[in-house]
Amino acid sequence: MILLPNCPNIKIPINKVKAILIIKSARNTQIKNAISKLRNIYPKAKLYLLASNKFKEEFKECEIISYPDKKKLHPLWLGKKTWKYIRNLRLDMTVICYNHSTEWGPTYLWVEIIALFSKARWIAQFWKKETNNYLNRFKLTLFLLIKFKYWIVNQYYKFKALREISQYTGENIKIVSKKIKESAKNAVDSWEENLPKTDKEIKDWYSKTDIYIYQLMRRCGYYPGSRLEWLSEILRYCQGKKVLDYGCGVGHLGIELIKHGFEVTNADVPGRTFNFVKWRYQKKGLLTKFVELNDKFSLSETYDVILCTDVLEHIPNPIDTLRLLSKHLKGDGILLIKMGEEENEECPLHLDAINKSNYFSIMEELGFQQITKESSEDMWKLLAWKKKAE
């Protein structure tokens with residue numbers, strides 16, 4: 001297993017920070033949180049925000065350094081004048097804002113390159129974890145070293161994923177790479193073209209598409225930002241031997257749990273992605289059980305642990321699913337749930353049946369008690385639930 005090292009957070013004297021560039025690489029609310037935290041720590045610093053022209057009115061407390069509205073943030077699209085202006089600011093710190101709870105998400109490559117070439121003495125990372133906001137600051141040289149190590153790890157696991165899909169589909173690795181890069185967009189396009197609404201229509205869509213083979217394999221590996229970063233936390237709660245991975249995706253978690261000695265049952269809708277999962281297990285020589293979640297709901301056993309990671313937001317009737325999972329959980333068993341972000345324009349596949357306003361009350365009504373260590377009110381975190389004693 002290859003993991004990136006934890007990095008020390010350095011404190012920078014207030015009087016040494018006079019100019020800060022914030023890169024708008026997250027949602028507006030997170031950017032505002034970052035501005036507020038920076039203003040509290042460095043009250044006299046001049047704040048600059050690298051953002052699209054359309055945000056000028058929303059962030060009046062910062063001087064906006066703009067780039068064209070119709071283009072995504074990319075070092076080459078900033079233009080020579082913008083780059084010259086940024087580098088002449090004599091920045092003390094450049095801040096990268098991350099949407100996700102982990103700061104090393106693989107989608108921030110271009111943003112991090114902009115930060116590295118901004119000529120700032122320190123690079124800071126701002127991200128939200130649970131209900132708190134975190135600002136980690138690094139010397140430029142240390143940040144560069146860390147990112148290089150991450151890049152090596154990421155490339156290693158990316159090659160493994162490419163090769164595995166290529167062996168299964170018979171496609172050239174270049175074609176596989178292109179499909180992985182375009183998988184998120186292709187999933188949204190296909191969803192909007194078909195617009196499935198009923199439970200049957202949604203199951204049919206997931207059964208027929210092969211896009212999720214490419215999209216989920218993109219997150220293969222142990223680097224933070226991948227699904228397997230939850231593995232160590234899952235192992236803390238795995239008591240007993242029998243584990244159900246409900247909505248197993250491409251089998252990342254189940255494969256690792258079997259290696260740790262657990263008996264794993266993989267459950268998902270039948271179709272092209274599930275066929276790929278079965279092939280992966282066979283190729284690796286791992287013994288497991290498979291349950292196809294058809295209209296009859298084929299679960300028949302009870303389990304010590306049930307995993308339900310990034311699943312409930314894809315289901316139109318998640319409360320019914322939770323009730324059924326509860327029936328197949330042993331009396332002292334643990335249900336581990338990880339929810340994906342709410343439905344938005346970029347992610348219409350995530351339905352809004354369970355959201356921040358009702359998630360915890362639903363679990364309470366269904367007779368579950370949260371046993372997560374350091375109990376959390378952040379629904380986007382991996383949370384552990386246990387049936388309340390009757």
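Just so you know, these numbers come straight off a predicted model, no measurement behind them.
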SB check Asp204 Lys208 (cutoff 4.0 Å): no

Compare all side-chain heavy atoms of Val291 with those of Leu244 and state whether any distance is below 4.5 angstrom. no

Answer yes or no for Lys46 and Tyr48: cation-pi contact, defined as NZ/CZ to six-membered ring centre under 6.0 Å and angle to ring axis within 45°. yes

For the residue pair Ile255 and Thr288, establish whether any side-chain heavy-atom pair is separated by less than 4.5 Å. no

Using a distance-only test with no angle check, is there a side-chain donor-acceptor pair under 3.5 angstrom linking His314 and Tyr206? yes

With distance as the sole test, does Asn355 use its side chain to make a donor-acceptor pair with the main-chain N or O of Ser357 at under 3.5 Å? yes

Is a salt bridge present between Glu365 and Arg323, judged by a nitrogen-to-oxygen distance below 4.0 Å? no

Indicate yes or no for a side-chain donor-acceptor contact from Glu201 to the backbone of Thr198 under 3.5 Å, with no hydrogens or angles considered. yes

Go through the steps for Val95 and Met93 under the test side chain to side chain contact (heavy atoms under 4.5 Å, CB included), then give the verdict. CA-CA 6 Å; Val95 180; Met93 183 187 300; 3.9 Å; yes

Check whether any side-chain N or O of Asp245 sits under 3.5 Å from a backbone N or O of Asn266 as a donor-acceptor pair, and report yes or no. no

Hphob cluster co-occupancy, Ile211 + Trp279, side-chain heavy atoms under 4.5 angstrom: no

Would you say the side chain of Glu63 lies within less than 4.5 Å of the side chain of Lys56, judging by non-hydrogen atoms? no

Show your reasoning for whether side chain to side chain contact (heavy atoms under 4.5 Å, CB included) applies to Leu89 and Leu21. CA-CA 9 Å; Leu89 291 174; Leu21 173 66; 5.5 Å; no

Asn275 vs Tyr168, side chain to side chain contact (heavy atoms under 4.5 Å, CB included): CA-CA, chis, key distance, verdict: CA-CA 10 Å; Asn275 291 338; Tyr168 177 71; 3.7 Å; yes

Examine distances only and state if a side-chain atom of Ser166 and a backbone atom of Asn172 form a donor-acceptor pair shorter than 3.5 Å. no

Would you say the side-chain atoms of Trp83 pair up with the backbone N or O of Pro75, donor to acceptor, closer than 3.5 Å? yes

Any Glu364 side-chain heavy atom under 4.5 Å of Lys388 side chain: yes

Just wondering, do Phe262 and Val305 contact through their side chains at under 4.5 Å, heavy atoms? no

With distance as the sole test, does Asp304 use its side chain to make a donor-acceptor pair with the main-chain N or O of Gly333 at under 3.5 Å? no

Salt-bridged, Lys179 to Glu182, with N to O below 4.0 Å? no

Quick one: does Arg39's side chain have a donor or acceptor within less than 3.5 Å of a partner on Ala45's backbone? yes

Between Glu263 and Lys289, does at least one N-O distance fall below 4.0 Å, as a salt bridge requires? no

Got a donor-acceptor contact below 3.5 angstrom from the His328 side chain to the Glu301 backbone? yes

Would you say Ser177's side chain and Lys174's backbone share a donor-acceptor pair under 3.5 angstrom? no

Salt-bridge contact Arg121-Asp92 (side-chain N to carboxylate O under 4.0 Å): yes

Ring geometry between Tyr281 and Phe290 (parallel below 30°, tilted from 30 to 60°, perpendicular above 60°): perpendicular

Got Lys338 and Leu383 here, is their nearest side-chain heavy-atom distance under 4.5 Å? no

Ignoring hydrogens and angles, tell me if any N or O in the side chain of His350 forms a donor-acceptor pair with the backbone of Met339 under 3.5 Å. no

For the residue pair Thr372 / Trp385, report whether a side-chain donor-acceptor contact shorter than 3.5 Å exists. no

Between Asn15 and Lys44, is a side chain to side chain contact (heavy atoms under 4.5 Å, CB included) present by the stated rule, with each step listed? CA-CA 8 Å; Asn15 60 352; Lys44 295 183 180 179; over 6 Å; no

Is the Lys NZ or Arg CZ of Lys387 less than 6.0 Å from the centre of Phe368's six-membered ring, within 45° of the axis? no

Are the side chains of Leu91 and Thr94 in touch, meaning some heavy atoms are under 4.5 Å apart? yes

